[in-house]
Amino acid sequence: MPYDWIEIEQKWQKIWCDMDIAAPSIDSNKKKYYGIFAYPSPSSFLHIGQLRGYTLLDMFLRLKRMQNYNVYFPCGTHATGIPSYGFVKKLESGNSEILKNLNYYGVNEETLKKLHSPAYAAEFLGESYKKSWKAFGMLVDTDSYAITISRGYNKFIEWQFRTLYKSGYLVQKPHFAPYCPNCGPVAVDPSESDLSRGGNAEMMEYTLIFFRTEDGFILPAATLRPETIFGVTNLWIREDAKYVIAEVGSMNWIIAMDSAEKFINQFDAKIVASISSRDIQSKKVKTPFTGNVIAIYESNFVEPGVGSGVVMSVPSDAPYDLVAVKDKSLDIDPIPIIRVEGYDKAYMGVFNGDLAAVNGVRSWNIESLADIRLEELTKLIYKIEYHNGILYKNCGEYNDCRISEVKDKIIDRLIKDRNGDKLYEFDQQVVCRCGTTVIIKKIRDQWFINYHNERIKNLTKEHIKKMTILPDEYKEELQSIIDWYDDRACTRKGNWLGTRFPMDSSWIIEPIADSTLYPAFYIVSRYINRGMINVEDLDDEFFDAVFLGKAYKGRINDKDLVKKIGKEFNYWYPLDLNAGGKEHKRVHFPVFLMMHTMVFDEHKLPDGLFVHWWVTERGGVKISKSKGGDLPFVLDAPKIYSADAMRMFYASVTPFSDLEWNETDVINFRNRLSQIWEFITGNNQHDDSLHYIDQWFERMIKRMVRIAEQHLINMKFREAMNIIYYNYFDAFEWYYARGGNNSTLIKFAKDTVKKMMLPITPHIAEELWSLNHDTILSTESYPSFEYCEENEIEYGELYIKRIYSDIAELIKLIGKKIEKVNLYIADEWKYGLYREMVDMFVAGRTPKISDFISRFTDVPGKKAAKQISAMIEFARHSTPVIDEYFILTDAMNLLERKLDVKITIIKGSDGNYTGSKKGEAIPLRPAIHIQTE
RNA sequence: GCUGGGAUAGCCAAGUAUGGUCAACGGCGGCAGACUCAAGAUCUGCUCUUGUAGAAGUCCCCAGGUUCAAAUCCUGGUCCCAGCACCA
């Protein structure tokens with residue numbers, strides 16, 4: 001009967017659900033294992049790429065269950081922030097894909113209306129995620145489901161932040177953030193949920209350098225290269241732009257009107273008057289550090305909206321400045337300050353000696369400010385000088401310093417001496433949804449989580465050394481990521497979903513900050529979902545009692561219940577494994593670990609991380625949620641290909657690399673499953689006969705069981721799959737081919753492979769098991785056997801296979817009709833030599849051809865040398881000596897049948913040992929003589 | 001730029017830690033054949049070059065080096081990918 005995956009998979013999903021086998025239970029006789037995946041944010045339906053990570057974790061946890069661990073595998077969604085706003089936006093714009101997919105969930109008019117609320121949409125999507133997980137056969141406990149915008153979760157986060165506050169891990173300080181003057185704070189990210197333009201913009205950090213006039217004004221020149229201050233010859237402004245006087249504290253700054261908005265938002269500047277460019281040009285200014293008094297000129301390359309509209313001129317290293325100086329025929333000589341080593345001949349001599357701008361403009365033949373190559377040359381000089389440039393002349397105490405090392409020191413010094421400040425600006429225009437240009441605003445009282453804390457960093461880094469982390473290299477990487485971490489803003493203002501900040505309800509807690517301790521909350525969430533606890537009773541006392549073990553004197557009357565939940569927390573915590581995609585390496589995982597260190601003691605810190613990669617579209621294109629339409633919809637895939645085949649596909653390359661969607665592969669896996677189905681359910685006649693090959697097969701089974709288990713436990717899914725779904729059945733077929741037919745052993749072999757199949761393809765494994773058992777395979781134990789090393793029995797079969805392929809190749813080469821094949825087994829004296837070689841290796845010596853050549857008498861010297869070296873190779877790998885005659889005789893039927901020839905086996909001790917090829921025989925490699933007609 | 005990863009036959013992709021059993025697992029695609037009403041099916045063989053004796057030659061991004069021996073180790077170079085702070 002053919003394999004009907006749709007019916008069978010749905011049947012088993014229902015059975016697992018009805019029997020509630022994913023439900024956690026405390027059993028002190030069993031070891032526990034607590035695993036989660038980093039919960040997804042509900043911005044649209046899950047797509048088949050995302051299911052990869054979740055099902056890989058499920059495979060791992062299913063094996064853990066079979067290894068008799070008590071497994072807890074809850075789930076949730078992270079709705080904080082703006083993800084579901086994006087969904088609503090797409091829905092409202094009539095996105096056909098979304099409307100089509102909504103049909104899968106039987107959405108009626110009323111629900112459709114409600115979906116315009118982002119909070120409702122988030123909950124709706126969360127429910128759809130549960131369906132997707134189950135449709136892929138995951139044994140996930142949905143009773144513990146948590147969504148981060150629920151009342152219960154809010155209570156939990158409030159507790160977390162009050163706890164942080166009390167411990168001094170929250171700090172307030174100024175912060176620069178993207179801000180729409182009309183709507184408030186916005187997020188600048190490529191998905192552009194808040195924006196109509198500029199999602200890829202980067203925040204540039206300019207240094208403002210204060211040039212003071214004699215009459216008390218400051219011209220703050222904005223630059224990306226503050227280290228070139230030693231080469232400044234003059235300032236530039238723009239003749240036809242409006243300039244204003246801005247009051248900043250007690251200072252009076254002169255800036256371009258077009259830049260004023262930035263200064264208002266970042267420095268609280270007050271515009272008090274305007275000033276003509278002619279007035280500005282009549283002034284002279286003093287340069288910080290050098291004390292040089294310089295003039296101010298105008299040039300039309302100055303952009304009044306960029307920086308401050310005041311530019312410092314460094315003709316030695318800034319091509320624009322040099323060309324502008326020439327343009328105006330000013331009597332100014334560039335001041336050499338930077339030397340670059342090792343690039344004398346590269347880039348057309350730009351870095352030959354000092355004065356890169358002068359060399360560059362000359363060799364590139366640039367004469368006009370309108371030349372577009374100026375931009376390119378500027379970038380080149382910046383890049384090379386930053387990494388290889390040395391301040392070598394006219395730079396005072398900074399002479400002989402590498403620019404990359406000294407730049408930050410110069411900036412710090414400028415700020416410290418009140419000769420400068422920082423100015424932030426986007427590198428491209430960013431426009432809000434509302435149409436207003438987004439600017440960067442200084443937020444004076446931003447709340448941060450103190451991840452910069454050295455003690456927390458050190459404790460976390462120490463703990464990471466003890467963790468199980470896959471892939472291996474991430475363990476090292478994490479150490480440096482933690483070092484690099486700075487305090488992280490944890491609150492924001494604006495229209496977002498999330499928890500109000502308990503210390504100041506005008507703020508909302510930011511999404512990264514509220515997703516660090518949730519594995520603890522799942523344990524409580526289960527009680528909320530089952531109505532055993534009232535959300536309003538979840539106060540700080542409750543969480544302190546459950547999570548921190550403090551005595552409970554709170555409002556819940558049933559004190560035993562609180563005690564019970566606390567006990568469960570202590571049973572399941574610490575978390576054993578957190579599985580998440582590669583994008584979590586630098587954000588989620590580090591703060592997840594550090595937050596645990598801040599809140600819990602060392603015995604509650606997570607034990608494991610698993611970082612996985614995703615499925616991409618063909619050509620390595622990342623699957624975007626909006627564009628998921630090219631791929632099968634997540635609930636269609638199990639029907640088209642079967643969930644089991646999808647799981648095999650996910651497992652088919654290392655988790656630590658992206659996997660390209662390939663429908664052909666999935667179909668092939670599905671066909672393979674059908675084949676296995678036929679193979680196992682086929683009712684061949686077996687008997688009680690015993691054969692030599694029986695013990696080989698039994699040993700193979702036991703070894704493969706062990707190896708597959710080892711692979712799975714190390715997340716080597718591909719390797720495990722090769723053994724379970726391919727090698728195992730190859731061995732099975734070889735067993736049949738060699739005449740094996742023992743019914744007891746065959747039943748054992750079939751039942752064993754069903755168990756091995758369960759973690760990766762649970763549905764078909766469960767169904768096959770149910771054909772001759774009354775139990776649920778998902779709750780059975782993984783087979784466990786004494787490990788058996790490879791020995792002569794296995795080698796004997798390899799020997800047969802090699803002889804088979806050797807004969808087959810020879811027959812092919814000769815290409816004539818074959819009469820018969822003679823196999824000559826090597827003479828006994830050659831075995832003697834072979835054993836000597838093995839002994840030499842055992843004694844740590846390498847046998848040499850010359851040691852043996854004189855004792856070879858049956859073939860010419862050159863051939864003898866070759867044979868000896870072949871024997872040495874066998875001996876090097878300590879290939880065991882087997883009874884070749886016995887094994888060949890036992891396999892003769894098979895060889896004759898498969899090769900369709902008559903075979904004669906001749907022992908070396910046999911008196912009839914003749915024939916042209918007999919001398920070629922060496923131990924473990926008989927001579928083959930093919931007689932043609 | 002910073003940090004991490006990578007480059008293997010027409011394509012995808014193992015192998016690299018512990019150098020030799022590597023002309024290099026597996027899959028796709030291609031070719032030939034079997035089953036013969038058909039099949040998005042399955043099975044068998046072939047798929048770098050040469051070859052009527054189990055072999056030889058040339059190969060694992062490029063250039064050097066170490067070694068009896070290198071896809072694997074070392075040095076230098078080129079190219080590609082991912083992540084990068086208020087964004088989940």
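Just so it is clear: chains get the letters A, B, ... in the order the sequence lines come, proteins before strands, and each one is counted from 1. All values reported here derive from a predicted model rather than from experimental measurement.
Residue contacts shown for A/Thr654 are limited to sugar-phosphate atoms, with no base heavy atom under 4.0 Å away. In this structure, A/Ser480 reaches neither bases nor backbone, as no heavy-atom distance under 4.0 Å exists between it and the strands shown. A/Trp613 comes within 4.0 angstrom of no nucleic acid atom, judged by non-hydrogen atoms across all strands. Heavy atoms of A/Asp472 sit nowhere under 4.0 angstrom from any nucleic acid atom. Nucleic acid contact for A/Ile667: none, since no nucleic acid atom lies under 4.0 Å from a heavy atom of the residue. In this structure, A/Pro926 reaches the bases: a heavy-atom distance under 4.0 Å links it to at least one base atom across the strands shown. Residue contacts shown for A/Thr80 are limited to sugar-phosphate atoms, with no base heavy atom under 4.0 Å away. Heavy atoms of A/His588 sit nowhere under 4.0 angstrom from any nucleic acid atom. A/Ala927 comes within contact range of at least one nucleobase, with a heavy-atom separation under 4.0 Å. Nucleic acid contact for A/Phe448: base, since at least one base atom lies under 4.0 Å from a heavy atom of the residue. Residue-level contact check: A/Asp665 touches the backbone only, with heavy atoms under 4.0 Å from sugar-phosphate atoms and none from bases.
The shortest side-chain heavy-atom distance between A/Tyr485 and A/Val591 falls under the 4.5 Å cut-off. Between A/Met646 and A/Phe669, every side-chain heavy-atom pair lies at or beyond the 4.5 Å cut-off. Contact of the A/Ile411 side chain with the A/Asp408 side chain is registered, since non-hydrogen atoms from C-beta on lie closer than 4.5 Å.
Between B/rU72 and B/rG27, the two P atoms lie 26 Å apart (nearest whole Å). Here the separation of B/rA23 from B/rG15, taken at their C1' atoms, is 14 Å to the nearest Å. B/rG29 and B/rC79: their C1' atoms are spaced 27 Å apart (whole Å). Annotation: B/rU58 and B/rU3 have their P atoms spaced 42 Å apart (nearest Å). Of the P atoms belonging to B/rA71 and B/rA7, the separation is 15 Å, rounded to the nearest Å. When the C1' atom is used for both B/rG30 and B/rA9, the distance is 14 Å, rounded to whole Å. Straight-line distance between the P atoms of B/rU47 and B/rG64: roughly 32 Å, to the nearest whole Å. Only the C1' atoms considered, B/rG54 is 26 Å distant from B/rC60, to the nearest whole Å.
Nucleotide B/rC86: unpaired (no Watson-Crick or G-U wobble partner with both distances less than 3.5 Å). Across every strand in view, B/rG51 sits unpaired, with no contact that passes the Watson-Crick or G-U test at under 3.5 angstrom. When Watson-Crick and G-U wobble pairs are counted only if both distances are under 3.5 Å, B/rA17 pairs with no nucleotide at all. In this structure, B/rG76 and B/rC62 make a Watson-Crick or G-U wobble pair, each of the two defining distances being under 3.5 angstrom. With both pairing distances under 3.5 Å, B/rC43 is matched to B/rG33 as a Watson-Crick or G-U wobble pair. Nucleotide B/rG10 forms a pair with B/rC28, judged by Watson-Crick or G-U wobble geometry with both contacts under 3.5 Å. When both pairing distances are held under 3.5 Å, B/rA38 makes no Watson-Crick or G-U pair with any nucleotide shown.
As a whole-Å value, the separation of A/Glu719 CD from B/rA14 P is 9 Å. As rounded to whole Å, 15 Å separates atom P of B/rA85 from atom CE of A/Met204. Straight-line distance from the CD1 atom of A/Ile676 to the C1' atom of B/rU42: 14 Å, rounded to whole Å.
For an aromatic pair to be called close, the ring centres must be under 6.0 Å apart, and A/Tyr736 with A/Phe732 satisfies this. Remark: aromatic rings of A/Tyr641 and A/Trp661 are close, center separation under 6.0 Å. The ring of A/Trp677 has its center closer than 6.0 angstrom to the ring center of A/Tyr3.
Side-chain atoms of A/Asp658 and A/Thr616 include no donor-acceptor pair closer than 3.5 Å.
Distances shorter than 4.0 Å separate none of the side-chain N or O atoms of A/Asn662 from OP1 or OP2 on B/rC28. Under 4.0 angstrom from either OP1 or OP2 of B/rC87 there lies at least one side-chain N or O belonging to A/Arg492.
Of the two residues near RNA chain B, A/Arg718 and A/Glu473, the one whose nearest nucleotide lies more 5' is A/Glu473. Projected onto RNA chain B by closest heavy-atom contact, A/Gln675 and A/Arg586 fall at different nucleotides, the more 5' of which corresponds to A/Arg586.
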